Amino acid sequence: MTELLKHLPSFKKNKSFLSSRRWVETLCKEGKLQKAYSKAKSLGAEAQSYSNLWRAVEYLGLI
């Protein structure tokens, strides 16, 4: 979570924050989604990408 707070200082693990679109839009703008996807995919399932969320991004055709 420390890494996330570097990029999104207002992040909170509560329903009202997580249900907002704004934080997702902030994290995805300026090519940040592409960069995160590429990095997570290159690390593979055995590395720091515990959720393998990059697979969902790929499946949904977001990249």
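Reckoned from all heavy atoms, side chains included, excluding hydrogens, waters and symmetry mates. Bear in mind that the values here come from a model prediction, so they are computed numbers and not experimental data.
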K32 side chain near H7 side chain, heavy-atom distance below 4.5 Å: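 No - every pair of side-chain heavy atoms lies 4.5 Å or more apart.
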Could you tell me the separation between the [atom1] atom of [X] and the [atom2] atom of [Y], rounded to the nearest 0.5 Å?
X   : Y   : atom1 : atom2 : value
S20 : E25 : OG    : CD    : 7.5 Å
L8  : L27 : CG    : CG    : 5.0 Å
I63 : K41 : CD1   : NZ    : 10.0 Å

Results of side-chain hydrogen bond (donor to acceptor under 3.5 Å, both in side chains) for [X] - residues two or more places apart only:
X   : value
Q34 : S38
K6  : E3
S19 : none

Quick check: does any side chain N or O of W23 sit under 3.5 Å from a backbone N or O of F11, one acting as donor and the other as acceptor?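 No.
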